[in-house]
Amino acid sequence: MAKKIVRYKLVRHKWPDEIQAERRARLKKAGMVAIGVLIFFSGVLTTRYLGKNELMKDETFSKLSQIYAVMKDQFYFSKDKEDFSDTLINGAISGMVSAGEDKHTMYLDAKQSSDFTSSMEGSFVGIGIQYYAQDEDTFLVSKVLNNSPAEEAGMQKGDQIYRINDTVCENMNVDKVKELMIGESGTKVEVEIIREQKHIVMEIKRRKVNDSVYSEVDGNTGLLKISSFSETGGSDTGVQLADIVDAGCKNLILDLRDNGGGYLVAAQQIASYLLGEDQLIFKEVYKSGDVEEVRTLKDKEHYTFDKIIILVNRNTASAAEVLTAALKEDLDNVTIVGETTYGKGTVQIPLSFSDGSMLKYTTAEWITPSGKEINGVGITPDIEVSLDSVYTTGAPQLKEDESYKVDTVSAAAKAVQTYLNFLGYATDRSDEYFSYAGERALKQYQKDKGLEVNGVINRTVVNALLSSVNSEWNANEDEYDVQMKKAKELIEK
């Protein structure tokens with residue numbers, strides 16, 4: 001039997017950003033300008049001080065100052081708004097940032113800034129499992145994170161979560177299960193699971209669990225899934241690669257699908273493990289025209305493989321694209337499989353303020369070692385393979401009283417008809433027009449699931465379909481993940 005070593009993390013990171021410590025000098029200079037603008041908008045500078053600053057002599061800034069004063073002191077509806085001065089300042093800043101027409105440059109208030117920073121940590125507090133709803137009474141564990149409290153308690157993939165503390169898991173959704181499962185680090189949760197028709201009770205203590213890298217060894221092939229380039233992503237990947245090589249793997253499948261990026265230094269560390277010392281990873285081009293080369297680090301273990309297959313999709317972005325391009329251009333044994341990547345070829349750094357807010361702004365464009373620009377273009381795979389459209393179809397967010405009948409047009413109709421087709425309920429289309437064939441398919445689904453048979457799209461129907469799709473996909477992932485199947489075929493050739 002093939003030897004397996006499993007380590008994994010989950011990630012909910014959705015911010016494709018890169019932050020480099022060596023840019024501190026530029027950051028300080030930019031910070032002085034931004035702070036000056038903030039002070040100006042807050043009305044602290046007087047005409048006497050403005051006269052000392054050549055920038056502030058511009059008539060445009062004088063106009064902005066006057067508008068700020070009018071809105072703060074004379075605008076009628078300001079009487080009904082708390083902290084209206086802060087609202088004006090934040091609005092002015094956001095307006096300036098938006099005027100740059102760069103979706104990756106943004107102003108984050110204190111709450112948004114805190115959420116962004118937390119998302120980059122690469123960890124969360126919990127027991128360390130992934131699970132999905134087979135139906136509203138059945139929740140199955142799909143993964144147990146290595147070195148997690150759940151693994152230490154003996155939980156396994158395929159276990160059914162039956163009870164959490166005093167609550168039996170019935171007539172609920174995954175969000176409710178999550179609500180019952182989460183808690184502060186150090187607290188305990190009692191989980192009763194069903195395995196092979198036997199009930200097992202586990203008392204599990206919650207703690208911080210790392211969540212951005214997953215690896216599995218099967219035979220002579222290692223699978224390395226990197227969900228984001230978090231703070232610990234580089235070092236964590238080094239641990240996983242060591243395990244893969246120690247297990248005797250000759251080939252590597254590197255899964256970067258849905259990896260939105262993160263810290264460029266993490267990508268640099270990972271590239272160092274796979275490319276060796278002092279190899280060019282990418283180049284940064286600045287507004288001035290200056291070009292800076294970024295190379296692999298010294299004193300990193302170097303791991304080699306006979307074949308490296310990289311999996312990418314439309315959500316592979318930023319630092320994930322950096323790593324993909326560097327490996328493809330610097331090694332002759334790399335094959336890219338999947339879909340054309342997102343195409344985020346710019347670099348952002350943060351400028352933090354004392355109130356907790358942050359300006360995240362673009363400072364450079366990066367290009368591949370050979371000089372290719374990928375911004376807005378992406379990286380084209382060597383072998384194009386797409387997953388079923390159900391994988392990329394977003395879930396419609398319907399209000400409680402929102403519904404759609406046959407012969408109407410809506411985004412919800414597109415999603416519902418796509419879900420129905422995937423589940424084997426044939427419809428004649430999968431666009432935003434809710435057809436009569438779609439209505440018939442929906443009625444049959446409602447009948448099979450014990451729902452009200454009315455052929456109407458509403459929140460209840462959408463949630464039920466999502467649960468069915470999720471259950472079907474998880475139960476048959478080896479069949480549906482045709483990108484991974486292709487990667488394994490290429491390894492075996």
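- Taking each heavy atom of Ser215 and Gln240 in turn, the nearest pair found is OG-OE1, 2.6 Å.
- Not one N or O on the side chain of Lys298 forms a donor-acceptor pair closer than 3.5 Å with the backbone of Asp278.
- Of all heavy-atom pairs between Lys307 and Lys493, the closest is NZ-O, 2.5 Å.
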Derivation and outcome, side chain to side chain contact (heavy atoms under 4.5 Å, CB included), residues Thr460 and Glu452: CA-CA 10 Å; Thr460 299; Glu452 180 184 359; over 6 Å; no
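- Residues Tyr132 and Gln130 bring no donor and acceptor atom of their side chains to less than 3.5 Å of each other.
- Once rounded to the nearest 0.5 Å, the distance linking CD1 of Ile491 with OG1 of Thr221 reads 5.0 Å.
- Taking each heavy atom of Ile127 and Arg206 in turn, the nearest pair found is CG2-CG, 4.1 Å.
- Two residues are said to be in side-chain contact when any heavy atoms from C-beta on lie closer than 4.5 Å; Met155 and Val191 meet this criterion.
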Candidate pair Val125 and Glu184, rule side chain to side chain contact (heavy atoms under 4.5 Å, CB included), full reasoning: CA-CA 7 Å; Val125 173; Glu184 295 182 1; over 6 Å; no
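- A 4.5 Å side-chain heavy-atom check between Asp175 and Glu179 finds every atom pair outside the cut-off.
- Distance check: Gln197 CD to Gln160 CD gives 11.0 Å after rounding to the nearest 0.5 Å.
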Stepwise side chain to side chain contact (heavy atoms under 4.5 Å, CB included) check, Leu466 with Val469: CA-CA 5 Å; Leu466 282 171; Val469 167; 5.7 Å; no
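- Not a single donor-acceptor pair under 3.5 Å links the side chain of Asn165 to the backbone N or O of Thr167.
- Atom-to-atom distance recorded for Lys178:NZ and Ile164:CD1 is 12.5 Å, nearest 0.5 angstrom.
- Within the 3.5 Å criterion, the main-chain N or O of Pro149 finds no donor-acceptor partner in the side chain of Lys205.
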Ser228 vs Ser212, side-chain hydrogen bond (donor to acceptor under 3.5 Å, both in side chains): CA-CA, chis, key distance, verdict: CA-CA 6 Å; Ser228 75; Ser212 65; 4.7 Å; no
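- Nearest heavy atom pair, residue Leu423 against residue Glu472, reads CD2-CB, 4.1 Å.
- In Tyr273, the OH atom is crowded: over 12 heavy atoms of neighbouring residues, nucleotides or ligands sit closer than 6.0 Å.
- A tilted orientation is assigned to the rings of Phe422 and Tyr480, their planes being inclined by 30° to 60°.
- Side-chain contact check for Val337 versus Pro381: every heavy-atom pair is 4.5 Å or farther apart.
- At a cut-off of 3.5 Å, with distance as the only test, a side-chain donor of Ser370 or Thr368 sits close to an acceptor on the other residue.
- The number of heavy atoms from other shown groups lying within 6.0 Å of CD (Glu293) is above 12.
- Among residues two or more places apart in sequence or in another chain, the side-chain hydrogen bond (donor to acceptor under 3.5 Å, both in side chains) test is passed with Glu477 by none.
- For the pair Ile336 and Leu327, the minimum side-chain heavy-atom distance is 4.5 Å or more.
- Heavy atoms from other residues, nucleotides or ligands lying under 6.0 Å from NZ of Lys414 number 12 at most.
- Judged purely by atom type and a 3.5 angstrom limit, Tyr419 has no side-chain atom pairing as donor or acceptor with the backbone of Ser468.
- Counting heavy atoms from C-beta outward, Ile129 and Ile161 have side chains that approach closer than 4.5 Å.
- Atom NZ of Lys283 is separated from atom CD of Glu292 by 12.5 Å, given to the nearest 0.5 angstrom.
- Using a 4.0 Å cut-off between charged nitrogen and carboxylate oxygen, Arg163 and Glu190 count as a salt-bridge pair.
- Separating the CG atom in Asp159 from the OG atom in Ser142 is a distance of 11.5 Å, to the nearest 0.5 Å.
- Counting only distance, with no hydrogens or angles, the side chain of Asn333 and the backbone of Asp306 share a donor-acceptor pair below 3.5 Å.
- In this structure a side-chain-to-backbone donor-acceptor pair under 3.5 Å is present from Ser272 to Gln268.
- Contact check on Lys488 versus Asp218 returns no salt bridge, with no Lys/Arg side-chain nitrogen under 4.0 Å from an Asp/Glu carboxylate oxygen.
- Contact annotation: the side chain of Leu140 never approaches that of Asn474 to less than 4.5 Å [non-hydrogen atoms, C-beta and beyond].
- Using a 4.5 Å cut-off on side-chain heavy atoms (C-beta onward), Phe229 and Leu323 make contact.
- Distance check, rounded to the nearest 0.5 Å: CD1 of Ile374 to OG1 of Thr341 gives 5.5 Å.
- A side-chain donor-acceptor contact under 3.5 Å links Asn259 to the backbone of Ile226.
- Checked against the 6.0 Å centroid threshold, Tyr404 and Phe434 do not count as a close aromatic pair.
- Within the 4.5 Å cutoff, the side chain of Tyr425 has heavy atoms near those of the Asp448 side chain.
- Heavy atoms only, all atoms of each residue included: Val456 and Ser403 are closest at CG1-CB, 3.7 Å.
- Residues Asn421 and Gln417 have side chains that never bring a donor and an acceptor to within less than 3.5 angstrom of each other.
- Residues meeting the side-chain contact (heavy atoms from CB on, under 4.5 Å) test with Glu339, sequence neighbours left out: Asn313, Arg314, Glu384, Ser386, Gln483.
- Between the side chain of Trp473 and the backbone N or O of Asp481, no donor-acceptor pair lies under 3.5 Å.
- Heavy-atom neighbours of Lys176 NZ from other residues, nucleotides or ligands within 6.0 Å: at or below the threshold of 12.
- One finds a salt bridge joining Arg207 and Glu152 here, because a Lys/Arg side-chain nitrogen approaches an Asp/Glu carboxylate oxygen to under 4.0 Å.
- Of all heavy-atom pairs between Ala426 and Ala441, the closest is O-CB, 3.6 Å.
- Among residues two or more places apart in sequence or in another chain, the side-chain contact (heavy atoms from CB on, under 4.5 Å) test is passed with Lys103 by Tyr342.
- Looking only at distances, no side-chain donor or acceptor of Glu439 sits under 3.5 Å from a matching main-chain atom of Lys405.
- Although no hydrogens or angles enter the test, the distance criterion places a donor-acceptor pair under 3.5 Å between the side chain of Thr105 and the main chain of Thr362.
- Of the candidates Glu284, Glu373, Lys372, Ile367 forms a side chain to side chain contact (heavy atoms under 4.5 Å, CB included) with just one, namely Glu373.
- With hydrogens and angles left out, the side-chain atoms of Tyr303 and Glu301 include no donor and acceptor closer than 3.5 Å.
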Thr392 and Leu387: CA distance, side-chain angles, deciding distance, side chain to side chain contact (heavy atoms under 4.5 Å, CB included) verdict: CA-CA 8 Å; Thr392 55; Leu387 298 180; 5.9 Å; no
